[in-house]
Amino acid sequence: MKAAVCREFGAPLSLEDVTIAAPEGQAMKVKINACAICHSDITYMRGGWGGTPPLLFGHEAAGTVVETGDGVTSFAAGDRVVVTLMRSCGTCPSCGDELEAICATPPAINEKIITDSADAPVITAMNTGAFAEEVLVHERQCIAIPDELGFDEASLLGCGVITGFGAVTRVGKVQAGETVAVIGTGGIGINAIQAARIAGASTLVAIDTAADKDALARKLGATDFINPAAENAQERIMAITNGTGLDAVFVGVGSSKAIESAIPMVRAGGRIIIMGMPASDDLASIDASDLSGSAKTVIGTKMGSAMIREDIPKLIALYQQGEIALDELISHRFTFDQINAAIDMAASPASSRVVITF
Ligand SMILES: [Zn+2]
Ligand SMILES: [Zn+2]
């Protein structure tokens, strides 16, 4: 099968013929029909989190089960699924605390999954490797989807949508009437906006340096839009909240600068939720006396602390009821052989979500 392999950080991906193993145990092979490009893929393929190429990225996907290992109990060939990077055991202390994204003992699958034409292993990053025609994943990484849900829309449920929703509902626990801002209206942030609107936020400020994100953010629930490149975001937040600051700020951009900017935006007793994943060496500088003196809380979350078996079916139902948008989040579609152009577009502020179709 074809895969877009990262041979060198920062270089274009290399479209190659590779071999994928047959599934063992609870592994299953899924034919990929759509894969969105997440900013985490871009950070990783530019070397932001280390590792040693060759690596295979792509972790926000949807497809069709083609083959199951003999231990698979929940799926059969032909099932349509969302594929996520979340491989959890379901029984360790983290899973028991409803934190499957930080499962302490994720179950293993085939040791060798992908080999290249020289029979050398290619590592599937983030448990997935969906920049390829097929993936081999654990059955607990997948959630069934109904026939009427398109693969393109479904792929977004694998990462961006659950992260933004989980951050708001499970981590930030936004209550009706609260004042909220979301920094960065990309794949995660735009979904935090949808979730905060449904939670009943009375003021919902979208903050993004791309001025053309204004319309979609407002359509999905933002009451205000601030472009921090054009105006002083802190002053505007204080004006909007009559000088008190916000109840909660969600940071969807994986950058220490965005995190630093969020802390003075919240009121005394307010909370800052970090959703985007910065590069490993990106250190934030924080006024510790503001945190303690004003009793502010900074909370990190991986994958919005989502529990995929509960959250993805719930989000599909919300989509079918017209409560959340998925298709409108997709600004560009590319075919698999155009993956490098798709990645450039995903990295550009001109795009919303970019999906590769197979
Ligand atoms: Zn992601
Ligand atoms: Zn676990």
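In listed order, ligands and their atoms are each counted from 1. For this chain, numbers begin at 1 and follow the sequence in order.
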*Atom of E139, atom of F75 and distance for their closest heavy-atom approach*: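 It is O-CE1, 3.4 Å.
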*the Zn ion (ligand 2) as vertex, arms to SG of C92 and SG of C95: angle to 10°?*
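For SG of C92 and SG of C95, the angle centred on the Zn ion (ligand 2) reads 110°.
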_With the Zn ion (ligand 2) as the apex, the SG/SG angle for C89 and C103 - to 10°_ =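 The angle at the Zn ion (ligand 2) comes to 100°, rounded to the nearest 10°.
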*Decide whether S256 and D282 meet the rule of one side-chain donor and one side-chain acceptor closer than 3.5 Å.*
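A pair is found: one side chain offers a donor N or O, the other an acceptor, under 3.5 Å apart.
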_Residue H39, metal the Zn ion (ligand 1), N/O/S under 2.8 Å_ =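 H39 does not place any N, O or S atom closer than 2.8 Å to the Zn ion (ligand 1).
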*F358 pairs by ring pair (Phe, Tyr, Trp, His ring centres under 6.0 Å) with which of F131, F336, F334?*
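The ring pair (Phe, Tyr, Trp, His ring centres under 6.0 Å) with F358 is passed solely by F336 among F131, F336, F334.
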_Side chain to side chain, Q320 and P146, heavy atoms closer than 4.5 Å_ =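 Yes, close enough: below the 4.5 Å cut-off.
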